[in-house]
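A quick write-up on the structure given underneath.
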Amino acid sequence: MLQFCHGYDGPFLDCARQYAALFAGTPYKVCTVYLTGKPSTEVELGSASDEVIFLDYSSRDVRGLKLKAIRDLKRIAASRDFKLCIAHRFKPIYIALLGSDLPVLGVQHAFGVYQRRSRQWFVNCFRRRLSLLGVSDAVRDDMRACLPGWPAERIETLYNRIDITAVQAAQCSRAVAREALALPQDAWVIGNVGRLHPDKDQATLIRAFAQALPALPSGSLLAIMGSGRLEAALQRLASELGVSQSVRFLGQVANGRNYFKAFDVFALSSDHEPFGMVLLEAMAAGVPLIGSDCGGGREVVAGCGRLFPLGDAAALAQALVLQAQEPADPALQQRMAQRLLEMFSDAAVRQCFWALPQLAELRSA
């Protein structure tokens with residue numbers, strides 16, 4: 001099996017691991033190819049693949065027609081007895097279709113990929129050997145709307161997932177996590193993790209926190225983990241609202257998911273979240289969830305957390321106050337653990353993957 005990834009930055013290394021893990025215990029070997037990114041022993045180990053190839057292109061190199069990348073992939077595809085290509089994001093899908101004769105399973109991690117007419121035209125040319133997967137029903141439905149002539153079974157959902165045992169084993173205790181993040185041991189802490197970017201909408205979270213703060217436990221804090229171009233603007237907003245002393249900007253934290261037990265509640269206010277891996281990591285830590293009622297995040301939170309209308313700071317403030325007033329709920333933690341196991345674990349998603357009609361030939365081999 002050939003897995004073709006744009007790169008391994010951010011969450012995409014774990015995405016490669018997720019898909020390689022689907023073939024564990026099968027006769028198939030996995031060769032993962034990264035279009036961009038320098039060779040790295042750490043990435044090789046994290047890819048959970050039998051073989052890893054780094055093409056080492058820069059982002060500039062893969063603009064336009066990408067002819068050299070197509071030739072490279074053609075050479076790789078011809079060198080081994082591949083049965084299937086799983087390609088993540090549009091550029092690898094494009095290169096895989098032009099650089100091989102393999103059936104391609106294209107995984108989309110974002111909204112709006114097929115809104116461009118040129119992309120619609122391109123994938124329609126290859127629809128006989130291309131199937132698409134969205135990382136949530138929201139992404140799947142977005143693709144189906146853009147490609148209305150496609151049979152529903154050619155555009156399906158396969159959720160992102162985590163290795164629950166590995167993630168939980170790496171997570172620090174509450175006390176250790178708070179010490180590492182320089183957070184007081186006795187404070188009630190709202191956590192948020194993500195790029196400081198308009199899509200993540202931490203501005204709504206800061207406004208909600210300012211509204212809720214008088215009704216929250218004394219000394220409550222909002223801890224925002226991540227970096228990005230909006231950092232200065234968000235810091236100004238916290239200052240204008242008079243809560244700058246209660247909002248901690250933690251910056252980029254290496255292996256940040258290991259410290260999620262530092263939070264009393266995890267709040268994700270994103271307005272454009274295709275899925276929300278951080279929600280799974282918070283669930284693995286047993287941290288209650290609050291999320292905006294939109295996109296793929298809604299599919300994770302529904303039934304085991306609180307949802308609020310997108311961009312509604314007042315509603316989010318109310319959710320924060322209600323959460324602060326609730327005692328620890330072992331039943332909630334059990335529901336989160338069960339939901340992780342049944343929907344977002346490697347084992348659960350592997351079962352869904354191998355039931356896809358596109359894999360009938362591989363199943364019979």
Side-chain angles (χ1 to χ4, degrees), residues 10-11 171-172 174 176-214 216-217 219-273 275-285 287-292 294-295 297 300-301 305-306 308 310-321 323-324:
Q171 288 176 330
C172 304
R174 174 188 172 94
V176 170
R178 290 205 168 189
E179 182 178 357
L181 299 178
L183 297 171
Q185 294 291 339
D186 58 348
W188 194 76
V189 179
I190 303 159
N192 174 270
V193 177
R195 294 173 300 132
L196 307 186
H197 183 276
D199 284 353
K200 303 301 180 182
D201 195 18
Q202 284 97 349
T204 290
L205 179 55
I206 293 171
R207 292 188 182 97
F209 176 68
Q211 293 178 36
L213 189 56
L216 295 179
S220 291
L221 297 173
L222 169 59
I224 298 175
M225 186 188 295
S227 60
R229 59 186 173 90
L230 292 185
E231 183 168 357
L234 292 171
Q235 289 175 337
R236 284 195 302 272
L237 176 62
S239 179
E240 291 165 3
L241 295 172
V243 294
S244 57
Q245 296 303 309
S246 300
V247 180
R248 303 286 178 87
F249 289 89
L250 304 178
Q252 199 69 31
V253 178
N255 300 311
R257 69 183 184 181
N258 294 350
Y259 305 106
F260 278 31
K261 288 185 178 179
F263 308 140
D264 292 285
V265 62
F266 188 87
L268 195 67
S269 50
S270 303
D271 72 349
H272 204 65
E273 194 68 61
F275 182 78
M277 283 294 292
V278 289
L279 292 168
L280 300 189
E281 293 158 356
M283 289 170 72
V287 178
L289 305 175
I290 300 176
S292 48
C294 66
V300 179
V301 175
R306 300 180 188 275
F308 68 95
L310 173 63
D312 190 335
L316 176 52
Q318 183 180 23
L320 292 172
V321 172
Q323 186 62 51

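Treat the numbers as computed from the prediction; the structure is a model and nothing was measured.
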| query | How many angstroms lie between OG in Ser270 and NE2 in His197, if you round to the nearest 0.5 Å? | reply | 11.0 Å
| query | Just wondering, more than 12 heavy atoms not from Gln318 lying within 6.0 Å of its CD? | reply | no
| field | Straight-line distance of Leu196 CG to Gln252 CD, nearest 0.5 Å | value | 8.5 Å
| What heavy-atom pair brings Ala314 and Gln211 nearest, and what distance separates the two atoms? | CA-OE1, 3.4 Å
| What heavy-atom pair brings Ala282 and Leu289 nearest, and what distance separates the two atoms? | CB-CD2, 3.6 Å
| request: Please answer whether the main-chain N or O of Asp201 pairs with a side-chain N or O of Ser269 as donor and acceptor at a distance below 3.5 Å. | output: yes
| query | Atom OG in Ser246, atom CG in Leu222: separation rounded to 0.5 Å? | reply | 9.0 Å
| remark: The residue among Val193, Val247, Leu234 that forms side chain to side chain contact (heavy atoms under 4.5 Å, CB included) with Ile224 is Val247
| field | Interatomic spacing from CG in Leu268 to CD1 in Ile290 - rounded to 0.5 Å | value | 11.0 Å
| Looking only at heavy atoms, what is the nearest atom pair of Val243 and Ile206, with distance? | CG2-CG2, 4.5 Å
| field | Gln171 side chain vs Glu281 backbone, donor-acceptor pair below 3.5 Å | value | yes
| task | Can you measure from CG (Leu250) to OH (Tyr259) and round to the nearest 0.5 angstrom? | result | 11.5 Å
| request: For Arg195, enumerate each residue passing the salt bridge (Lys or Arg N to Asp or Glu O under 4.0 Å) test, keeping only those at least two apart in sequence or located in another chain. | output: none
| query | Should the heavy atoms of other residues, nucleotides or ligands under 6.0 Å from CD of Gln245 be counted, would the total exceed 12? | reply | no
| field | side-chain hydrogen bond (donor to acceptor under 3.5 Å, both in side chains) against Gln323, all qualifying residues, sequence neighbours excluded | value | Arg306
| query | To the nearest 0.5 Å, how far apart are CG in Leu320 and CG in Leu213? | reply | 10.5 Å
| remark: Smallest heavy-atom separation, Phe209 atom then Ser220 atom, equals CZ-O, 3.8 Å
| said: Do Ser292 and Phe308 have side chains that approach each other closer than 4.5 Å (heavy atoms only, starting at C-beta)? | reply: yes
| said: Are the side chains of Asn192 and Phe263 in contact, using a 4.5 Å heavy-atom criterion? | reply: no
| said: A side-chain contact here means heavy atoms from C-beta on lying under 4.5 Å apart; do Ile190 and Leu216 qualify? | reply: yes
| remark: Note: Val321 and Ala212 closest approach over all heavy atoms is CG2-CB, 3.8 Å
| field | By salt bridge (Lys or Arg N to Asp or Glu O under 4.0 Å) - contacts of Arg178 (at least two apart) | value | Asp264
| Closest heavy-atom contact between Leu230 and Pro198? | CD1-N, 3.4 Å
